[in-house]
Amino acid sequence: MKKIRPPMIIMILLIFTAIGIVAFYNFSNSNSKSVYKVVIDPGHGGKDHGATGASGQFEKDFTLKLSRKVEKLAQEEPRLQVHLTRTDDRFISSVDRARPKFANDLGADLFISIHGNTFANPDVSGTETYYYHWNSRSLAKVMHKHVVQGSGFQNRGVKKENYFVLKDTKMPAVLIEMGYLTHPKEEKEMLTEEYQNRMAVSIVDGIKEYLKLD
């Protein structure tokens, strides 16, 4: 029988030790938090109207209404603590980077910015999700999956973009373009209570899946 040399034994022990450390870290990391802080960012606000929809309504109103529904629904989850970057029709300047600063100062675990898209061609439609840092890509994929399934809109994919709300945040962050407000049919649905309630469920479900709360 061939003997195992001491250096090989040491190497094997080191490998098993490393595996044990990684397993312990993953377990403790996934179970250490009793409450997760999630920042929901209703895009635009105040004098910043955002997109003007096909019907003349503003993106800022759509994003706030949907964000409030997400906040209310998340209150039913004891391990989720949702914070909104704005709770009313308030202008938040992008110059001082107040939105990501709010999340960073809070020590948030996730940052989700909600938007409605716009394009010169009113035939363009669909949902797309953006991320910037590599550690936000998996969150973007999970959130996009839930939002596309919930809306039934065209899947325009997950994309990388250097929006400041994604670039300046220190936690996993995504920006979701829920649909095109400049597409008449899509906007009409996006402005309904039924759609917004459905999408609030999709967003919370995505958060829970990512954080492994189910």
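When a residue number appears, it is its place in the shown sequence, counting from 1.
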Task: salt bridge (Lys or Arg N to Asp or Glu O under 4.0 Å) partners of Glu187, counting only residues at least two apart - done: none
Open item on the list: My understanding is that only residues two or more places apart in sequence, or in another chain, count here; which of them pass salt bridge (Lys or Arg N to Asp or Glu O under 4.0 Å) with Glu193?
Closed with: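 Once residues adjacent in sequence are excluded, the partners of Glu193 under the salt bridge (Lys or Arg N to Asp or Glu O under 4.0 Å) criterion are Lys65, Lys69.
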Task: Qualifying residue, where the test is salt bridge (Lys or Arg N to Asp or Glu O under 4.0 Å) with Lys60 and the options are Asp89, Asp48, Asp41 - done: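 Single pass found, and it is Asp89.
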Cluster link [X] to [Y], ILVMFWY, side chain under 4.5 Å:
X	Y	result
Ile40	Leu211	yes
Tyr36	Met143	yes
Ile207	Leu175	no

TODO: Among residues two or more places apart or on two chains, list those pairs meeting salt bridge (charged side-chain N to carboxylate O under 4.0 Å, His left out) that have a residue in residues 159-168.
DONE: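 Qualifying pairs, neighbours excluded: Arg97-Asp168, Glu128-Lys159.
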TODO: Please work out whether the ring planes of His44 and His115 are parallel, tilted or perpendicular, with thresholds of 30° and 60°.
DONE: perpendicular
- [ ] On the 0 to 90° scale, with breaks at 30° and 60°, tag the Tyr130-Tyr163 ring pair as parallel, tilted or perpendicular.
- [x] perpendicular
TODO: With sequence neighbours left out, write down each residue that passes side chain to side chain donor-acceptor pair (under 3.5 Å) with Gln196, or none if nothing qualifies.
DONE: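 Checked Gln196 against side chain to side chain donor-acceptor pair (under 3.5 Å); zero matches.
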TODO: Please name all residues satisfying side chain to side chain donor-acceptor pair (under 3.5 Å) with Asn104, sequence neighbours left out, ordered by chain then number.
DONE: none
TODO: For residues Phe111 and Phe102, establish whether the separation of their ring centroids is below 6.0 Å.
DONE: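 Phe111 vs Phe102: aromatic centres not under 6.0 Å.
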Open item on the list: Is a donor from one side chain sitting under 3.5 angstrom from an acceptor on the other, for Tyr180 and Asn117?
Closed with: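 Yes - a donor-acceptor pair under 3.5 Å links their side chains.
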- [ ] Using atom types as modelled and distance alone, determine if a side-chain donor or acceptor of Glu186 lies under 3.5 Å from a backbone N or O of Gly126.
- [x] yes
TODO: Please collect all side chain to side chain donor-acceptor pair (under 3.5 Å) contacts where either partner lies in residues 142-151, sequence neighbours excluded, each pair once.
DONE: Thr129-His144, His144-Asn155, Lys145-Glu209, His146-Glu209
